[in-house]
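Starting off with a structure, shown below.
Sequential numbering from 1 along the given sequence is applied to the chain's residues.
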Amino acid sequence: MPANPIAETVASLMPRAKAELAELVAFESVADPAVAPRSECEAAANWVADALRSEGFQDVALLDTPDGSQSVYGFLPGPEGAPTVLLYAHYDVQPKLDESAWVSPPFELTERDGRWYGRGAADCKGGFILHLLALRALKANGGVPVSVKVIVEGSEEQGTGGLERYAESHPDLLAADTIVIGDAGNFRVGLPTVTATLRGMTMIRVTIDTLEGNLHSGQFGGAAPDALAALIRVLDSLRAEDGSTVIEGLDADNAWEGLQYPDADFRRDAKVLDGVDLIGNGTVADRIWARPAVTVVGIDCSPVAGATPSVPASARAQISLRVPPGGDAAEATKLLFAHIEKHTPWNARVRIEQVGQGQPFLADVHSPAYTAMADAMRIAYPGQEMQAAGMGGSIPLCNTLAELYPSAEILLIGLSEPDAQIHAVNESVSPEELERLSVAEAHFLVNYARSRQA
């Protein structure tokens, strides 16, 4: 990276950034009391609030949102007449999953092979550190040229919409001229990327009951309706033979126009086992950015350990459905409910509940803020042009902000490139990406302030 004052400052701050990220990663801040104590999220929220206060932010507050989580807010006033930029991240994280599969402890930031490993290192505690680095670099080089609002969410991974509902009830709080969501990622390490689209999501739980209680499979098996077998048939009905999602009435044929994702690169990034086919049809970009995708994320039934020869009386599954840009998550949910009810066999009793929902998002990548970001990316990534890609994941807050502030531009950047393995074991962040993107964000704020003065 060519020497420039902002880049030099960010480089000098990287040891501090690592230490702070280690402190933040140490909190097991999963916003689900069934997985981790609520006190872990509270401690992480207080850490974020203290960090904002130490940077001179005003009106720092822990916002009690309707889903029971806390989001952290702060305001840093800029020069008179300067535009306002909202910077977003979230401090809650995914569960650690199988701790034995982690090479190093999930909540202990560990450096290995040039990367920093730990749950939330990239998604999205590292995103908050990115914002701090950019602001500190500007403060050391003439000051922050815009007014800055920071909002750090406490339940993004649960999809329960606490911050969305809070923002709707307090519409002036997050109002800004442009919004930088630090929860996306480059298409590849070293390739500067903004995310142009996000798939929406609906999360549901399906419970199937067939008997008053488990029965001896020798005495009753063959005639007694098996709840787990019924659930398996329902889940299988959600996919075609090639693995494509097939929910009756839901369009699954859209094509992605733009940056493509070669099959070989995807296989490597996804760590698909040798000889195992990819699922679906069309290009990889079509499948993960432009089309719906159903995933069974959990099943409750009798575990293998200690299993008895019994016919299961009840079984439950949690299902995630990703909804592509142009679709409506509420309508997709209705179609999913109807599909499951139709395909439940043997007149088994089925109960369906929705546990989360977020709409898809489509950005205008030709707006002035994107031009300012493209210029900033050229400085942070010499010789590279900013690319626009899709992201299969969901950030429901984006649509809420777009509806509340229709004139605001929304940009999505972040540290969740493929090698980060977010949501999986051994999540990590590239310190080089953290450094480059912090430089890019700092230059973006400078460029954006200038563009508003012109």
Side-chain angles (χ1 to χ4, degrees), residues 30 32-35 94-101 158-159 201-250 252 270-281 287 292-323 332-357 423-425:
V30 180
D32 181 351
V35 175
Q94 286 285 327
K96 60 190 173 186
L97 303 177
D98 180 6
E99 188 166 5
S100 66
Q158 296 301 308
M201 179 194 69
T202 186
M203 187 81 75
I204 69 167
R205 288 179 185 149
V206 179
T207 303
I208 291 183
D209 299 303
T210 55
L211 305 165
E212 291 185 0
N214 291 359
L215 296 173
H216 190 287
S217 61
Q219 186 176 4
F220 295 97
D226 180 329
L228 179 57
L231 178 62
I232 289 170
R233 288 202 171 193
V234 169
L235 300 180
D236 184 60
S237 75
L238 297 170
R239 293 185 183 276
E241 187 68 25
D242 66 2
S244 302
T245 294
V246 285
I247 296 169
E248 291 162 21
L250 189 63
K271 295 180 171 53
V272 180
L273 299 178
D274 289 345
V276 176
D277 295 337
L278 301 183
I279 63 172
N281 56 66
R287 285 174 261 179
V294 68
T295 304
V296 180
V297 297
I299 292 180
D300 288 337
C301 198
S302 302
V304 172
T308 61
S310 301
V311 179
S314 182
R316 184 173 71 156
Q318 185 150 316
I319 301 169
S320 164
L321 174 63
R322 301 289 178 168
V323 182
T333 302
K334 292 178 184 177
L335 294 173
L336 179 58
F337 273 48
H339 181 103
I340 290 171
E341 290 167 352
K342 178 180 178 180
H343 288 271
T344 299
W346 315 322
N347 289 318
R349 296 181 182 178
V350 58
R351 290 178 286 123
I352 312 170
E353 63 174 315
Q354 185 170 11
V355 294
Q357 181 177 286
H423 293 205
V425 299

For this session: List in chain and number order the residues that pass salt bridge (Lys or Arg N to Asp or Glu O under 4.0 Å) with E353, two or more places apart in sequence or in another chain; answer none if no residue qualifies.
Result: none
Seminar exercise, completed: Output for pair (L231 CG, C301 SG), nearest 0.5 Å, gives 8.0 Å
Please output the side-chain donor-acceptor pairs of residues 234-241 that fall under 3.5 Å, not counting sequence neighbours, one pair per line with the distance.
unit_1, atom_1, unit_2, atom_2, d
S237, OG, V234, O, 2.6
S237, OG, H339, NE2, 3.0
R239, NH1, G243, O, 2.8
R239, NH2, V294, O, 2.5

Exercise. Run the side-chain contact (heavy atoms from CB on, under 4.5 Å) check on S302 and N214 step by step: do they pass?
Worked result: CA-CA 10 Å; S302 302; N214 291 359; 3.9 Å; yes
For this session: Could you tell me whether the side chain of S314 reaches within less than 4.5 Å of the side chain of T210, counting heavy atoms only?
Result: no
Exercise. About how many Å separate CZ of R233 and CG of L228, when rounded to the nearest 0.5 Å?
Worked result: 12.0 Å
Problem set entry | Point-to-point distance, once rounded to the nearest 0.5 Å, from CD1 of I247 to CG of L336 | 4.5 Å
For this session: Quick one: list whatever passes side-chain contact (heavy atoms from CB on, under 4.5 Å) with E99, sequence neighbours left out.
Result: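 E99 satisfies side-chain contact (heavy atoms from CB on, under 4.5 Å) with K96, P106 only.
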For this session: Look up atom CG in D242 and atom CG in N281, then write down how far apart they are to the nearest 0.5 Å.
Result: 5.0 Å
For this session: Taking the side chain as every heavy atom from C-beta outward, state whether V30 and Q94 have any atom pair closer than 4.5 Å.
Result: no
For this session: Sequence neighbours left out, what passes side-chain hydrogen bond (donor to acceptor under 3.5 Å, both in side chains) with R287? Give chain and number order.
Result: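 Residues passing side-chain hydrogen bond (donor to acceptor under 3.5 Å, both in side chains) with R287: none at all.
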Exercise. When rounded to the nearest 0.5 angstrom, what distance separates OG1 in T245 from CG in L321?
Worked result: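 So the gap between those two atoms works out to 7.0 Å.
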Exercise. Mind checking whether S320 and V297 have side chains closer than 4.5 Å, heavy atoms only?
Worked result: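 Side-chain contact under 4.5 Å: yes.
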Let me check something: any side-chain donor-acceptor pairs from residues 343-352 under 3.5 Å, sequence neighbours excluded? List them with distances.
unit_1, atom_1, unit_2, atom_2, d
H343, NE2, E248, OE2, 2.8
T344, OG1, I340, O, 2.7
R351, NH2, D209, OD2, 3.2

For this session: Taking all non-hydrogen atoms of both residues into account, name the closest pair between A332 and L250 and its distance.
Result: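 Minimum heavy-atom separation between A332 and L250: CB-CD1, 4.0 Å.
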For this session: Mind listing the closest non-hydrogen atom pair of V311 and S217 along with its distance?
Result: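 Closest approach of V311 to S217: CG2-CA, 3.8 Å.
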Could you list the donor-acceptor pairs under 3.5 angstrom formed by side chains in residues 201-208, with sequence neighbours left out?
unit_1, atom_1, unit_2, atom_2, d
T202, OG1, T333, OG1, 2.8
T202, OG1, Q354, NE2, 3.2
R205, NE, Q318, OE1, 2.5
R205, NH2, Q318, OE1, 3.4

